[in-house]
Amino acid sequence: MTGVVTPAPLERAFFARPAEQLARAMLGTRLVSSVGGDVAAGRIVETEAYVGPHDPASHAAERIGRTRRNGAMFGEPGTAYVYRLYGHWCLNVVSDAAGYPAAVLVRAIAPLSGFPLMRARRWPDREPGRDRDLGRGPGNLTRSLGITGALDAHPLDTPPLWLETGPAPDASRVAVAPRVGVTRAADWPLRFFIRGDPHVSRR
DNA sequence: GAAACGATTATCT
DNA sequence: GATAATCGTTTCA
């Protein structure tokens with residue numbers, strides 16, 4: 001039996017490394033939510049790294065420093081940084097070391113379980129759309145999983161939101177590209193995604 | 001207090 | 001592809 005990975009919670013040491021490395025390592029892992037009591041989960045297929053104070057695109061860039069919003073980025077690796085953007089929630093996983101602001105933005109997941117629940121959260125006021133759109137984009141996946149600012153600074157080895165091991169993508173399938181939507185450091189290649197996966201966001 | 005600013009998304013053409 | 005809607009945080013007066 002090869003290729004089968006029994007899901008297990010990711011340990012804190014997994015997150016204690018530079019964001020650029022963590023962003024790549026998080027591809028293929030499982031993001032599980034039990035928000036509201038029922039479980040929904042997806043496989044991470046797209047991430048972006050915000051690597052530290054020297055990263056001008058980071059919310060914790062040197063010129064900004066620590067603020068009310070970005071405080072969670074200075075916390076322990078393996079905790080969540082959740083913030084609001086254009087009316088949507090975005091989920092980051094804090095990386096590196098406590099006190100050093102760096103994080104990985106989860107941009108897309110491939111839904112694995114809890115489909116009815118995710119559809120209901122994603123399209124509460126209309127007929128459900130395509131399942132491929134449940135986890136496509138940072139604002140969409142948080143909506144489908146019920147992730148809100150209440151989970152800011154939440155440790156990601158504990159309900160109602162945690163990460164588990166999952167099958168790593170073949171190295172030849174991992175693509176690297178500039179980050180989406182950033183205006184500063186627009187050419188830094190810190191976006192990682194599984195090439196060809198239909199759940200990866202566009203631009 | 002007021003205004004500008006996004007690590008976005010949906011809905012057009 | 002272009003544009004409107006989105007809303008808390010941040011910044012400035």
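Below, read A as the first sequence line, B as the second, and so on, with proteins coming before strands; counting in each chain starts at 1.
The CD1-C1' distance, from Ile64(A) to dC5(B), rounds to 11 Å in whole Å. Distance CZ (Arg132(A)) to P (dT9(B)): 15 Å, rounded to an integer number of Å. For Asp152(A) and dA7(B), the CG to C1' distance is 15 Å, given to the nearest whole Å. The nearest whole Å value for the distance from the CG atom in Asp133(A) to the C1' atom in dA10(B) is 11 Å. Taking atom CZ of Arg130(A) as the reference point, atom C1' of dT9(B) lies 14 Å away to the nearest angstrom. Atom CZ in Arg63(A) sits roughly 18 Å away from atom P in dT9(C) (whole-Å rounding). The nearest whole Å value for the distance from the CZ atom in Arg107(A) to the C1' atom in dG6(B) is 13 Å.
With salt bridges taken as basic N to acidic carboxylate O contacts below 4.0 Å, none links Arg179(A) and Glu48(A). Between Arg173(A) and Asp197(A) no salt bridge is recorded (no basic side-chain N to carboxylate O distance below 4.0 Å).
Closest heavy-atom contact between Asp96(A) and Ala102(A): CB-CB, 4.2 Å.
Cluster annotation: Leu10(A) is connected to Leu91(A) through the hydrophobic network of ILVMFWY side chains, with a link wherever side-chain heavy atoms come within less than 4.5 Å.
The nucleotide dT9(B) finds its pairing partner in dA4(C), both defining distances of the Watson-Crick or G-U wobble pair being shorter than 3.5 Å.
In this model, no donor atom of one side chain and acceptor atom of the other lie less than 3.5 Å apart for Arg121(A) and Ser144(A).
Near DNA chain C, defined here as any heavy-atom distance below 4.0 Å, the residues from residues 65-104 of chain A are Thr67(A), Arg68(A), Arg69(A), Arg84(A), Tyr86(A), Gly87(A), listed numerically.
Remark: aromatic rings of Tyr50(A) and His59(A) are distant, center separation not under 6.0 Å.
The phosphate of dA10(B) (OP1 or OP2) has a side-chain N or O of Arg122(A) nearer than 4.0 angstrom.
Residue Arg143(A) is out of contact with every strand shown, counting any heavy-atom pair closer than 4.0 Å.
Sequence order on DNA chain B of the closest nucleotides to His59(A) and Trp123(A) puts His59(A) first from the 5' end.
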